[in-house]
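Input: a single structure, listed below in structure tokens.
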Amino acid sequence: MGLVLLLSHLNILGSRTVIAGSCVLAFYRGCYYLMDLLKLLCFLTSVSLGIAAEHADLEVYWKSKLPNTPMPKAVRDIIQNGKPPGVGALSASPPAIPFRFPRYGVIRYGGNPTEGQLRNHQNLTVFFLKMDLHGGSIMNLQFVNILDNTAAFLPRQVADSIPFSSKSVPEILNKFSVNPNSVQAEAIKELIADCEEPGIEGEDKYCATSLESMVDFTTSKLGKNVGAISTEAQKTDPKILKYVIVDVFKLNNDDKAIVACHKQDYVYAVFYCHTLQRTDAYRVNLVGADDGAKAKAVVVCHEDTSAWNPKHLAFQLLKVKPGNVPICHFLPEDHFVSWALKH
């Protein structure tokens, strides 16, 4: 009987020891994850403070490299109102328009839109023929507050210290606390893959992870005497509204190349920039057909679409084939184009 009581007592002690050990292990695991969380918070806080401290420096850098170029609204708004880096700066859902600007001109770009996507864009002027780019033409457009919810620029020294490659995606997701199985994670993977794809013939492309690198790419292609412009609308509305073209002004001279920079959906500001041959840029003044609201829009027209995917959304909407039928499109408010000015 005494032996049974002794064994029972030892068993209880053993259970307590196991429980105590489990509690210690859980405590250390908790400390480990807490340290990871604190590291992430410290990283994001230091980055946020760096952004705030660098705002004036970014404007000074722009002026030093582009002394004759007013900063377009697409860039100015990000500097002034960009959200701190992290998953909160990413969209919670895929873009409404079923194509992404990094894939402009790439063979796989814009291919195989679904029937639903085609149907949804029948009433929106996504693409149009160049022959319709003139005063009096009616365009069905949608201007939304894109720049009210966009990621801020990182200072170049911070951006350059963060990996930006497909092999580093797990590290990027971990650093910015992005769920690997989320829509945001997929957007990050796709963007980096697009950035690593070679450009098509005649295209020089670059994914700028800072304002400084974006400016440097632009000046390396066009010099310092350039113009820059982005789309600006007096009124924003999620509904598709009719606008009438008032007048059209060509921006680039003598068919010279332009540099187009497209804001991407990423944890901090990244622009996909590329030079475009046989492409013209225009400033188009518009007025609302119903309310008279004004908009100054940027239109880009591609003279040669022979390298585009034959199933590209543009061809299906416009009922044309790849080749020399010039196709145009409006640029969203968070994109801009630059062109060399005449001396």
Side-chain angles (χ1 to χ4, degrees), residues 62 66 69-82 91 95-97 99-102 104 121 123-130 132-135 137-151 153 208 211 214 218 226-252 258-265 269-274 276 279-302 313-314 326-339:
W62 178 283
L66 298 167
T69 310
M71 189 178 286
K73 187 175 186 297
V75 178
R76 188 174 65 250
D77 282 5
I78 294 174
I79 290 178
Q80 295 175 352
N81 305 315
S91 297
I97 296 177
F99 57 83
R100 285 161 31 85
F101 279 88
Y104 247 106
H121 291 83
N123 298 323
L124 179 66
T125 307
V126 181
F127 295 96
F128 61 96
L129 298 177
K130 189 176 180 179
D132 294 324
L133 184 62
H134 58 78
S137 287
I138 297 176
M139 302 286 171
N140 298 321
L141 301 173
Q142 182 185 43
F143 295 108
V144 295
N145 287 321
I146 299 175
L147 291 166
D148 284 353
N149 185 34
T150 191
F153 285 108
L211 178 137
M214 179 173 68
T218 300
V226 306
I229 189 174
S230 60
T231 293
E232 298 182 34
Q234 184 180 47
K235 172 185 176 181
T236 58
D237 196 314
K239 297 191 296 291
I240 298 173
L241 302 174
K242 290 187 181 297
Y243 280 82
V244 180
I245 293 180
V246 177
D247 47 33
V248 179
F249 299 92
K250 186 178 178 183
L251 299 173
N252 54 318
I258 65 172
V259 172
C261 290
H262 312 291
K263 176 71 168 55
Q264 300 304 301
D265 196 19
V270 171
F271 275 81
Y272 178 97
C273 299
H274 54 160
L276 299 170
T279 301
D280 292 325
Y282 299 86
R283 187 189 78 216
V284 179
N285 290 317
L286 302 150
V287 63
D290 297 324
D291 57 9
K294 296 180 181 179
K296 178 186 69 176
V298 179
V299 168
V300 172
C301 293
H302 303 267
L313 178 66
I327 292 178
C328 305
H329 61 86
F330 289 90
L331 285 189
E333 294 93 315
D334 56 350
H335 301 198
F336 72 97
V337 296
S338 303
W339 67 97

Note: Cys261 and Thr218 closest approach over all heavy atoms is SG-OG1, 4.5 Å

Going from OG1 on Thr150 to CG on Asp77, what distance comes out if it is rounded to the nearest 0.5 angstrom?
9.5 Å

Heavy-atom distance under 4.5 Å between the side chains of His335 and Val298, does that happen here?
no

If you count the non-hydrogen atoms of other residues, nucleotides and ligands that lie under 6.0 Å from CD1 in Ile138, is the total more than 12?
no

Taking all non-hydrogen atoms of both residues, which atom of Val287 and which atom of Gly292 are closest, and how far apart?
CG2-O, 3.4 Å

Under 3.5 Å donor-acceptor, Glu333 side chain and Thr231 backbone
no

Mind listing the closest non-hydrogen atom pair of Val244 and Ala289 along with its distance?
CG2-CB, 4.1 Å

Just so I know, are the side chains of Ile78 and Lys263 near enough to count as touching, which here means a heavy-atom distance under 4.5 Å?
yes

Validation row: Thr236, Val144 side chains within 4.5 angstrom (heavy atoms)
no

How are the rings of Phe127 and His329 set to each other: parallel, tilted or perpendicular (split at 30° and 60°)?
perpendicular

In Å and rounded to the nearest 0.5 Å, what is the CE to CG distance from Met71 to Leu211?
6.0 Å

Sort and list the pairs that fulfil salt bridge (charged side-chain N to carboxylate O under 4.0 Å, His left out) and have at least one residue in residues 231-241, not counting sequence neighbours.
Glu232-Lys296, Lys235-Asp291, Asp237-Lys239

In Å, rounded to the nearest 0.5 Å, how long is the span from CZ of Arg76 to CG of Asn81?
10.0 Å

Side chain proximity check, Leu251 to Arg283, heavy atoms < 4.5 angstrom:
yes

Look up atom CG in Asn285 and atom CG in Asp247, then write down how far apart they are to the nearest 0.5 Å.
4.5 Å

Lys242: which residues meet the side chain to side chain donor-acceptor pair (under 3.5 Å) condition with it, sequence neighbours left out?
Asn140

Keeping the roles fixed (side chain from Thr125, backbone from Met139), state whether a donor-acceptor pair exists under 3.5 Å.
no

Partner set under ring-ring contact (aromatic ring centres under 6.0 Å, His included) for Tyr282, not counting sequence neighbours:
none

Just verifying a value: how many Å separate Phe330 CZ and Leu286 CG, rounded to the nearest 0.5 Å?
5.0 Å

Does Asn252 reach the main-chain N or O of Thr279 with its side chain, forming a donor-acceptor pair under 3.5 Å?
yes

Nearest heavy-atom neighbours spanning Ala228 and Ser338:
CB-OG, 3.8 Å

Would you say that Ile79 contacts Phe153 through its side chain, given a criterion of any heavy-atom pair below 4.5 Å between the two side chains?
yes

NZ of Lys250: more than 12 outside heavy atoms within 6.0 angstrom?
yes

Which heavy atom in His262 sits nearest to a heavy atom in Gln264, and how many Å separate them?
O-NE2, 2.8 Å

Apply side-chain contact (heavy atoms from CB on, under 4.5 Å) to Leu331 and Phe336, showing your working.
CA-CA 7 Å; Leu331 285 189; Phe336 72 97; 5.9 Å; no

Is the side chain of Ser230 donor-acceptor paired with the backbone N or O of Pro72 at a distance under 3.5 Å, no angle test?
no

Should the pair Tyr243 and Phe143 be assigned to parallel (<30°), tilted (30 to 60°) or perpendicular (>60°) ring geometry?
perpendicular

Value rounded to 0.5 Å, distance of CG in Asp280 from CD1 in Ile258:
7.5 Å

